[in-house]
Amino acid sequence: MGIEVHLFMNMMNGLVWGLIIALIALGLVLIFGLIKILNISHGEFYMLGAIFGWYLIQYTQNFWLALVLSPLLVAAIGLFIEWGILRPTEDKPIKTLIVTLGISLILQYTVYWFYGGSPQRIVEPFQYHLTLFGSGYSGYRIFVAILSMAVIALLGLFLQKTRIGLWIRAVKQDQEMAIAVGIPTKKVIMITFALGSFLAALGGILAAPIFSVDFLMGLEILPTAFMVVIIGGPGNLMGALGASILIAELEGISSVFVSPTISRVLSLVLMSIVLLKRPEGIFSRARR
Amino acid sequence: MFLVTEIIALSLFAMSFDLIYGFTGMLSLGHATFFGTGSYIFTLSILHWQSNLWVSLLLAIIGSAIIAWVIGFFAVRARGTNFIVITIIFSLVIFYLSFYYKSITGGDDGLPLKVPDLGLGFLSISIHDNPMANYYLVLAIVSLCYLFYWRLIASPMGRLFLAIKSNEERTQYIGFNTLKYRLISFVISGAFSGLSGALYSMTTHYTNNKLLHWTTSVDVVVWTIVGGAGTLIGPIMGAWIFTFFREFISFHFKQYPIVIGMVLIFFIIFVPQGILGYLLGLIRRERK
């Protein structure tokens, strides 16, 4: 395989991976924009999405059913966590962050209890291979890319066109004003949290056939998702989308030439520069 | 005996974390980086250069101080949540690096260590086969460090750390360069965490990259919060309680982090001042 084919492959993989990261990061950014809380257990929702997917596929042998059900289950769990555990501390971001750290431990090791420590695989639901530039490319990955783009577009429509979307944007702008004009803020926060968990879980089950499923996969995604939040600008949805693809492409393209770990370090360097030069993220208009 | 010595070494780690969290008010979720770095520098300098015990300990302090300075340089420029994110990202990336350079770090398997004799000018004492000598050495060093911390927090600089915690903006208005003092506190904390890591390896006779891992960072957060942040003694209590707890329960119940997560959430919501803080509060109320 020539270097240009290799490069092209990695760019495609970078795009697919970037879109999956975008799904996860968008949930993180949505929640952060709303209640200024960095949800450390967000990676765990990604992991749960894949784990539930694996169980559902074991029992029903149907990937498509799992693809729909697993994110819904995780969204329900997210709803419960926000309502039951996070709400008492929600006005103090650092405290809530530590609580999500506790949740993260509980979820990880509960999964470890039932699922075990060894990674499992989910088979790609269809074995179709496209021929691109004289070599095969997995049709499933193309499907993942298209589905992710569709979901992200739907999310944008949801936020712009529906009443709940309007509420979410209102609470994001000014929570006290939102209460004053009669928006049920608590309910909006709950829905947003569930939506974020749903997106992360969807990313999890979509990524499962490409990688493998284990109880620590949430921890592996966490630094990347956080870098996206910093590079894209906290609370900036379009920025998060751009930053996801940027990071994934950077890691994908540079891994043609250097090892994956070095390319991980490269994106760390990028993040540090962004942090020093533009703390509000590279995609935000410079405004004070 | 080994366990007690181990916990004394860990106590230093807990105190160092308390300096930046309890006193300067910066929550670092990547403190394992300094602990692990100290341990590795200590081990590697003995393995490769057959260096003297004192020299290795000194190198561990200097090395982790340098790492803390580099990470701190970026981290202290960010505030609140961003600070936490940066410490997480750096520590996770350094952990990946330790996996990648397995030939140097030993990866999962770690590196065994033959601790050199302790030279005191006229006599030399074997530390490796003499747990009592090891115990007294660690106890002496950690006690000295405790005295140092005790002096530090009573000094004008210590007062300044507390001022930064309660209101950084106002501290700036009085004319202090808060960035500088936050960095100083971060570097001191990092350097002594490194020393703690070195003492830990001296006791256990080996090092592995688990010391760099995220779970180590989480451990020290849990000790500090449950024991009582901002008290120096509280985090030490936390280290004792949780290390004993882990030693005894991990045989029977491998999923013990679930319990730790629950305890953490319980304390954050109901006893945010920690055990010692709670007791001190009781005493104060009695006096009135």
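Within every chain, numbering begins at 1; the chains are lettered A, B, ... in the order of the sequence lines, protein sequences first and strands thereafter.
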Chain A contact via [X] - which portion, at a heavy-atom distance below 4.5 Å:
X	result
B:F266	neither
B:I84	side chain
B:L92	side chain
B:L27	side chain
B:L264	side chain

Evaluation steps, side chain to side chain contact (heavy atoms under 4.5 Å, CB included), between A:V229 and B:V85: CA-CA 9 Å; A:V229 175; B:V85 174; over 6 Å; no
Per-residue contact mode, A:L97 against chain B (heavy atom under 4.5 angstrom):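 Only the side chain of A:L97 comes within 4.5 Å of chain B.
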Per-residue contact mode, A:I85 against chain B (heavy atom under 4.5 angstrom):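 It is both, since atoms from each part get that close.
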Are [X] and [Y] side-chain neighbours, meaning at least one heavy-atom pair lies under 4.5 Å?
X	Y	result
A:W113	B:I258	yes
B:P272	A:K95	yes
B:I268	A:T96	no
B:Y96	A:P223	yes
A:I230	B:I86	yes

B:I89/A:L222 under side chain to side chain contact (heavy atoms under 4.5 Å, CB included): CA gap, chis, key distance, verdict: CA-CA 8 Å; B:I89 294 175; A:L222 210 61; over 6 Å; no
A:L219/B:H213 under side chain to side chain contact (heavy atoms under 4.5 Å, CB included): CA gap, chis, key distance, verdict: CA-CA 11 Å; A:L219 202 56; B:H213 192 243; 4.1 Å; yes
Partner chain A: residue of B:F267, B:Y256, B:F90 with the largest heavy-atom pair count (under 4.5 Å):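 With the most close heavy-atom pairs to chain A, the winner is B:F90.
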Just wondering, more than 12 heavy atoms not from [X] lying within 6.0 Å of its [atom1]?
X	atom1	result
A:Y55	OH	yes
B:R246	CZ	yes
A:Y115	OH	yes
B:W240	CH2	yes

Reported CD1-to-CD1 distance for the pair A:I103 and B:I265, which is rounded to 0.5 angstrom: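 Separation between the atoms: 5.0 Å.
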Pairwise distance CD1(A:I98) to OG1(B:T224) - rounded to 0.5 angstrom: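 With rounding to 0.5 Å, CD1 (A:I98) is 9.5 Å from OG1 (B:T224).
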A:T110 and B:Q255: CA distance, side-chain angles, deciding distance, side chain to side chain contact (heavy atoms under 4.5 Å, CB included) verdict: CA-CA 7 Å; A:T110 311; B:Q255 294 80 20; over 6 Å; no
